[in-house]
Amino acid sequence: MSLGQDYRPFARPGHRLPHIWLDRCGEQISSHDLVSGTNGFVLLAGAYSNEWEAAVDQAVAETGIPLQMVAMGHDVDDSEGQWETITGLSEQGVLLIRPDNIIAWKTERTDTLIFAEFIDILKNICQTEGGRRSRSDESVRP
């Protein structure tokens, strides 16, 4: 086998969001279409994402950074069941996707501290050239 022929998609900060097919309103779309044309960040959340809605609203209010949340099972459906396999996340996990389709941050946690850290990470990604590494979860420089 030659190099580059055994592609295994995975979701890790610093890497491009892997392509998976999703269903939105009866139409098949690529995971890349979720970010394309938004000119902002997307928080791609698993099916149990209710806790993240308030954090996204607070982040937008505090930072003014364009950010939208897309929830599996609510906004889009993963009919092929690839979300957990490719992201390595459960239904509680989230990915923060930059406007250029690069994964900026990833977490499984859903607690008050992680919501505050999420807002700090978003601010740092947008306000500094180098960004910063999260203490407890994965993040990447812009």
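Numbering starts at 1 and runs along the sequence shown.
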Glu80: side chain to side chain donor-acceptor pair (under 3.5 Å) partners, not counting sequence neighbours:
Gln82

How would you list, by chain and number, every residue that makes a side chain to side chain donor-acceptor pair (under 3.5 Å) with Glu84, sequence neighbours excluded?
none

Taking the side chain as C-beta and beyond, is there a heavy-atom pair between Phe118 and Leu43 under 4.5 Å?
yes

Please name all residues satisfying side chain to side chain donor-acceptor pair (under 3.5 Å) with His19, sequence neighbours left out, ordered by chain then number.
Trp21, Ser30

May I have all residue pairs that pass side-chain hydrogen bond (donor to acceptor under 3.5 Å, both in side chains) and include part of residues 50-63, sequence neighbours excluded?
Gln58-Glu62, Glu62-Lys123

Could I get the full list of side chain to side chain donor-acceptor pair (under 3.5 Å) partners for Thr85, not counting sequence neighbours?
none

With sequence neighbours excluded, residues passing ring pair (Phe, Tyr, Trp, His ring centres under 6.0 Å) with Tyr48:
none

Rounding to 0.5 Å, atoms OG1 (Thr110) and CZ (Phe115) come to a distance of 5.5 Å

Flag the pair Leu89 / Val94 as yes when at least one side-chain heavy-atom distance between them is below 4.5 Å, and no otherwise.
no

If I take atom CG from residue Asp75 and atom CG from residue Leu34, how far apart are they, to the nearest 0.5 angstrom?
9.0 Å

Using modelled atom types only, decide if a donor and an acceptor are shared between the side chain of Asn124 and the backbone of Asp120 within a distance under 3.5 Å.
yes

Which distance, rounded to the nearest 0.5 Å, do you find between the CD of Glu91 and the CH2 of Trp83?
10.0 Å

Looking at CD1 of Ile20 and OG1 of Thr87, how far apart are the two atoms once the value is rounded to the nearest 0.5 Å?
7.5 Å

For His32, what residues pass the ring pair (Phe, Tyr, Trp, His ring centres under 6.0 Å) criterion, not counting sequence neighbours?
none

Distance check, rounded to the nearest 0.5 Å: Arg12 atom CZ versus Ile86 atom CD1?
14.5 Å

Tell me whether Lys106 contacts the main-chain N or O of Leu96 through its side chain, where contact means a donor paired with an acceptor under 3.5 Å.
no

Using the salt bridge (Lys or Arg N to Asp or Glu O under 4.0 Å) rule, collect all pairs that involve residues 13-30, keeping only residues at least two apart or in two chains.
none

Once side-chain contact (heavy atoms from CB on, under 4.5 Å) is applied, do any residues pair with Ser49, and if so which ones, sequence neighbours excluded?
Ala45, Met69, Ala71

Just verifying a value: how many Å separate Phe41 CZ and Leu67 CG, rounded to the nearest 0.5 Å?
8.5 Å

Of Asp33, Val76, Leu44, the residue whose pairing with Leu22 passes side-chain contact (heavy atoms from CB on, under 4.5 Å)
Val76

I need the minimum non-hydrogen distance between Ile114 and Trp105, along with the two atoms involved.
CD1-CZ2, 3.7 Å

So, Asp77 side chain and Ser79 main chain: donor-acceptor pair closer than 3.5 Å or not?
no

Answer yes or no: is there a donor N or O on one side and an acceptor on the other, between the side chain of Asn101 and the main chain of Leu17, under 3.5 Å?
no

